[in-house]
Asker: 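Supplied in structure tokens, the structure appears directly below.
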Protein chains: 2
Amino acid sequence: MQGYDKYAFEPFAVTVDLAVFTVRAGRLHVLLVERGQEPYAGHWALPGGFVLPEESAETAAGRELAEETGLADSDGLHLEQLRTYSEPDRDPRMRVVSVAFAALVPDPPAVRAGSDAARAEWLAYGTQGPLAFDHDRILADAHDRVCAKFEYTGLATAFCPPEFTLGELRKVYETVWGAELDPANFRRKVLGTSGFVDAIPGAARLTGGRGKPAALYRAGPATALHPPLLRPSTVPSDISPEGKPS
Amino acid sequence: MQGYDKYAFEPFAVTVDLAVFTVRAGRLHVLLVERGQEPYAGHWALPGGFVLPEESAETAAGRELAEETGLADSDGLHLEQLRTYSEPDRDPRMRVVSVAFAALVPDPPAVRAGSDAARAEWLAYGTQGPLAFDHDRILADAHDRVCAKFEYTGLATAFCPPEFTLGELRKVYETVWGAELDPANFRRKVLGTSGFVDAIPGAARLTGGRGKPAALYRAGPATALHPPLLRPSTVPSDISPEGKPS
DNA sequence: ACAAAAGTGTTAGAGATACACCCATGG
DNA sequence: CCATGGGTGTATCTCTAACACTTTTGT
């Protein structure tokens, strides 16, 4: 921050990498792209790209997400910075510092194969083979963070359509955490946390055909949950670099 | 991550900025340096510097911390990546992307005025004027993260000497949170959380002269606390980007 | 009628809060 | 002896987990 000569050092490239999650068919999925060139040609990788000269990393991440999924930054969409990966040898070609982001998107939008030639696809989380570069680590970090944030934020609604039932919301939790939750207690906790969800006065909708029609809710304004919704029996692994509970 | 030409873009400089905290005399302090040159000459700023070509941001942060405080990376010291600040205009001279870190150090080591000319000093948190660049925001983010992490990690021991009493540990919590804690309940919670602190079988030490001698403890191996140690009556503000509860 | 999911109620236990109280030391 | 801080005990309250039960639909 003191000596300043913009050519004093080998130039650094700054990129963003995105771990984009969605819940489809009761499984957590990640958006991956297939690399067309060396290194790691043919391997799957996280979508991403360079930060342009007039962009912040956040802007670049939003742009890449839109290019890859067609989702505008408005929608129920959640995009959050994870951390920065800067090992000198993480890309064999040159010095690349990557700011990683985690994104949560509602129902699986059609996969647009991005403007760049690469093939993009939703893969069930856990079924993907080894990814290119250090992307396995980034993806694992992103997954940890999302799991942890589900406990003390209303983030789970980012996986739901604008209107959803409590059963659907519970299914999202169960899918992401890989644990079963008691419907009765889940209901009480969610409704007892002010600002988490807002009831829609209108009608009720059938769930999957079977069962009593469920009431509809919208995501509420609360960002932090009080009290938190703790996952069962799990000793919370280390918190990702953010906090809360955080 | 696809097109690769290391000179295709204006070079980015990558730096680290450090928010270094300590607890001294019952007050939370931050390490700041006085800038000697424009822009912001005469203003206080967070210590930091360039990431060298063969370093990761983590290595650079550890090096800068050692240069500034003389503390080796061993000691009870805690250093953690916060997030990356990359607004295009955050430095008027050129494009600088900064990876911010938060550090917690035990008792105030003597301030070494760093190898770079700038004057370095511990200032009580909250008394510093406006900082250079976007450092006010970085410092505030770091403070939020530290407060939040005190709830669900054993981080507070990073502010204590290797051996400490529960009264000292409680004072750290009270100082950082700015709240009073019930000594009896604090004791029970800390001792009831396995791995938080380990008792030292040896002798007991007097606290400040007055009162019954207190038992000594060392920081335990636990990184996450179960159950968490919640700060009183405060609705936990938003969690910093990491984890539980932020 | 039956299965399945929504929604309500109830109970037993864990954890938190608030205090009262005893212990050991310095002045 | 008294103020101060360490350390123990305990009653009350809240929150949670577990599970029984009712309601409303589709088949």
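In what follows, every heavy atom counts, from backbone to side chain, and hydrogens, waters and symmetry copies are set aside. Everything numeric here is computed off the predicted structure, so don't read it as measured data. Just so we're on the same page: letters track the sequence lines, and every chain starts at 1.
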Asker: So which of B/L71, B/T22, B/V23 actually passes side-chain contact (heavy atoms from CB on, under 4.5 Å) with B/P106?
Answerer: B/L71
Asker: Determine whether a donor-acceptor pair (one donor, one acceptor, N or O, separation below 3.5 Å) exists between the side chain of B/R170 and the base of D/dG6.
Answerer: no
Asker: So, A/Y85 versus A/D17: side-chain donor-acceptor pair below 3.5 Å or not?
Answerer: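 Result is no, nothing qualifies.
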Asker: Look at the side chain of A/A215 and decide which nucleotide, out of D/dG7, C/dG7, C/dA24, has an atom nearest to it.
Answerer: C/dG7
Asker: Without decimals, in angstroms, what is the distance between A/Y217 OH and C/dA6 P?
Answerer: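 Distance, rounded to whole Å: 11 Å.
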Asker: Is any side-chain N of the basic residue among B/R63 and B/E68 closer than 4.0 Å to the acidic one's carboxylate O?
Answerer: no
Asker: Salt bridge or not for B/E151 and B/K149, using N-O below 4.0 Å?
Answerer: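 Salt bridge between B/E151 and B/K149, a charged N being under 4.0 Å from a carboxylate O: no.
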Asker: Rounding to a whole Å, what distance do you find between B/K189:NZ and C/dA18:P?
Answerer: 10 Å
Asker: What integer distance in Å separates B/L191:CG from D/dG7:P?
Answerer: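 Computing the B/L191:CG to D/dG7:P distance gives 9 Å.
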Asker: Rounded to the nearest Å, what distance is computed from the CZ atom of residue A/F164 to the P atom of nucleotide C/dA6?
Answerer: 14 Å
Asker: Starting at CZ of B/F186 and ending at C1' of C/dC19, how long is that distance when rounded to a whole Å?
Answerer: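 So the CZ-C1' distance, B/F186 to C/dC19, works out to 19 Å.
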Asker: Can you tell me how far P of C/dG7 sits from CG of A/N185, to the nearest Å?
Answerer: 15 Å
Asker: Using whole Å, what does the distance between atom C1' of nucleotide C/dC19 and atom CZ of B/R187 come to?
Answerer: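 Whole-Å distance recorded here is 17 Å.
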Asker: State whether the distance check finds a donor on one side and an acceptor on the other, under 3.5 Å, for side chain B/R188 versus base D/dG9.
Answerer: yes
Asker: Take atom CG of A/D182 and atom P of D/dC15, then tell me their distance rounded to the nearest Å.
Answerer: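 Answer to the nearest Å: 18 Å.
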Asker: Where the side chain of A/R210 is concerned, which of C/dA24, C/dG27, C/dA4 is the nearest nucleotide?
Answerer: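 Nearest to the side chain of A/R210 among the choices is C/dA4.
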